[in-house]
Amino acid sequence: MKMENLPVNSLSLDFLTEFLISLEKLENDRGCRGVILTSGAPKIFSAGLDIMEMYGKSAEHYAEFWKAVQEMWLRLYQSNMVTIAAINGSSPAGGCLMAMCCDYRIMAENPKYSIGLNETQLGIVAPFWFKDTMVNTIGNRATERSLELGLLYSPPEAHKIGLVDQLVPEEKIQSMAAAVMSQWLAIPDHARQITKSMMRKPTVDRLLTHRESDIQNFVSFITKDSIQKSLQMYMEMLKQRRG
């Protein structure tokens with residue numbers, strides 16, 4: 001499954017909707033037991049949530065957008081398929097979340113790439129279920145440091161803390177993902193699926209229990225003048241960089 005929402009695979013409402021439809025089709029296809037998630041955009045896996053969806057819009061729009069982000073996580077995190085992230089570019093914020101949802105993460109060994117939840121650098125806060133996913137991946141202390149400082153890790157740093165499982169030269173990422181997939185598919189599906197559900201269900205249930213309040217929290221947070229100003233400043237900084 002190749003993400004192509006150029007230039008940076010930002011997670012817009014349209015992209016998330018399309019992603020969910022594609023994932024559902026694969027889930028319903030009995031002949032499909034696994035999916036390799038990768039990027040068709042050069043040098044970027046996914047730049048994360050589309051800032052344009054969080055700036056200058058109505059409260060209703062923010063609620064709809066956030067519900068789609070939750071849905072993407074819920075579907076990917078508890079997918080019955082084997083999910084492998086072939087991270088062939090930088091993967092900040094929501095891109096990192098997508099990768100952490102997968103069963104296994106392979107990252108291209110390129111010093112220009114980075115991965116992490118860097119929300120605090122934008123003046124925003126990673127929600128509790130982003131945090132829970134990271135704690136499940138790299139442990140409590142490393143998550144606390146990562147989130148407070150909004151750290152982005154180089155591939156070797158990400159591998160060292162367990163944020164990615166394997167580093168490979170860029171040209172070998174797809175063949176390695178296929179090799180790892182065959183290893184995971186050698187396990188009987190029902191045993192693997194029940195084990196995955198057992199490991200992840202408490203984290204999933206926590207969001208399902210607090211789903212509405214999480215949407216309300218996001219809307220009240222993102223509509224604050226100070227947050228809108230932070231996002232505006234960040235967008236202006238991005239424009240200057242491109243300029």
Side-chain angles (χ1 to χ4, degrees), residues 5 8-20 23 46-79 91-102 115-152 163 199-238:
N5 183 24
V8 292
N9 287 338
S10 50
L11 307 180
S12 63
L13 187 53
D14 286 348
F15 175 85
L16 288 166
T17 306
E18 214 171 296
F19 180 82
L20 286 165
L23 199 61
S46 168
L49 304 184
D50 189 337
I51 289 179
M52 297 308 291
E53 301 283 11
M54 299 186 276
Y55 178 74
K57 304 278 196 302
S58 66
E60 290 75 20
H61 180 89
Y62 296 141
E64 190 188 358
F65 173 63
W66 198 244
K67 197 170 183 180
V69 178
Q70 290 178 335
E71 196 61 36
M72 176 273 289
W73 179 82
L74 286 164
R75 295 277 186 87
L76 193 55
Y77 196 60
Q78 55 186 336
S79 173
S91 193
C96 176
L97 181 75
M98 275 185 131
M100 288 193 297
C101 285
C102 294
I115 185 169
L117 295 180
N118 60 326
E119 279 78 355
T120 51
Q121 288 192 30
L122 282 68
I124 56 180
V125 177
F128 71 86
W129 42 285
F130 282 49
K131 181 268 296 177
D132 289 347
T133 310
M134 197 173 223
V135 168
N136 292 348
T137 309
I138 63 170
N140 201 82
R141 174 59 191 144
T143 297
E144 184 176 32
R145 191 168 157 267
S146 296
L147 292 184
E148 286 196 36
L149 295 172
L151 295 176
L152 287 172
L163 189 52
M199 293 298 295
R200 298 188 173 195
K201 192 174 183 294
T203 310
V204 169
D205 286 349
R206 202 152 102 86
L207 176 59
L208 291 174
T209 306
H210 302 288
R211 194 167 183 183
E212 281 309 314
S213 61
D214 181 60
I215 293 171
Q216 287 163 16
N217 287 344
F218 174 76
V219 172
S220 64
F221 181 77
I222 214 75
T223 47
K224 283 181 182 163
D225 286 345
S226 59
I227 302 304
Q228 287 290 303
K229 275 182 187 150
S230 280
L231 291 173
Q232 186 183 6
M233 282 164 65
Y234 185 72
M235 286 192 295
E236 281 167 6
M237 185 184 79
L238 286 179

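We number each residue from 1, following the sequence as shown. Since the structure is predicted, the reported quantities are computational estimates derived from the model, not experimental observations.
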For [X] against [Y], the heavy-atom pair lying closest together:
| X | Y | answer |
| --- | --- | --- |
| S46 | P92 | O-CD, 3.3 Å |
| C96 | G116 | CB-O, 3.5 Å |
| L117 | A93 | CD2-O, 3.2 Å |
| E53 | K57 | O-CG, 4.1 Å |
| V219 | A59 | CG1-CB, 3.8 Å |
| L76 | F19 | CD2-CZ, 4.2 Å |

Walk me through whether I222 and L231 qualify under side-chain contact (heavy atoms from CB on, under 4.5 Å). CA-CA 9 Å; I222 214 75; L231 291 173; 4.0 Å; yes
According to ring pair (Phe, Tyr, Trp, His ring centres under 6.0 Å), does anything in residues 127-146 pair up with another residue at least two apart or in another chain? List the pairs.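 Applying ring pair (Phe, Tyr, Trp, His ring centres under 6.0 Å) to every pair that reaches into residues 127-146, excluding sequence neighbours, yields W66-W129, W73-W129.
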Do I124 and S230 come within less than 4.5 Å of each other through their side chains, counting heavy atoms only?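 I124 does not reach S230 side chain to side chain.
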Distance (rounded to the nearest 0.5 Å) between [X] [atom1] and [Y] [atom2]:
| X | Y | atom1 | atom2 | answer |
| --- | --- | --- | --- | --- |
| K67 | L13 | NZ | CG | 12.0 Å |
| T209 | D214 | OG1 | CG | 11.5 Å |
| I138 | L163 | CD1 | CG | 5.5 Å |
| L74 | S79 | CG | OG | 12.0 Å |
| M72 | Q70 | CE | CD | 10.5 Å |
| F15 | N5 | CZ | CG | 6.0 Å |

Around atom [atom1] of [X], are there more than 12 heavy atoms from other residues, nucleotides or ligands closer than 6.0 Å?
| X | atom1 | answer |
| --- | --- | --- |
| E144 | CD | yes |
| M233 | CE | no |
| R206 | CZ | yes |
| M52 | CE | no |
| D205 | CG | yes |

Enumerate the side chain to side chain donor-acceptor pair (under 3.5 Å) contacts for residues 115-128, please, sequence neighbours excluded, ordered by first and then second residue. none
Apply salt bridge (charged side-chain N to carboxylate O under 4.0 Å, His left out) to E64 and list each qualifying residue two or more places apart in sequence or on a separate chain. none
Is [X] reaching over with its side chain to a backbone N or O of [Y], donor-acceptor style, under 3.5 angstrom?
| X | Y | result |
| --- | --- | --- |
| Q228 | M54 | yes |
| R200 | C101 | yes |
| D50 | S10 | no |

Any side-chain donor near an acceptor of the partner, D132 and Y77, under 3.5 Å: no
Under a 4.0 Å threshold between the charged nitrogen and the carboxylate oxygen, would E71 count as salt-bridged to R75?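 Between E71 and R75 there is a salt bridge, with a charged N closer than 4.0 Å to a carboxylate O.
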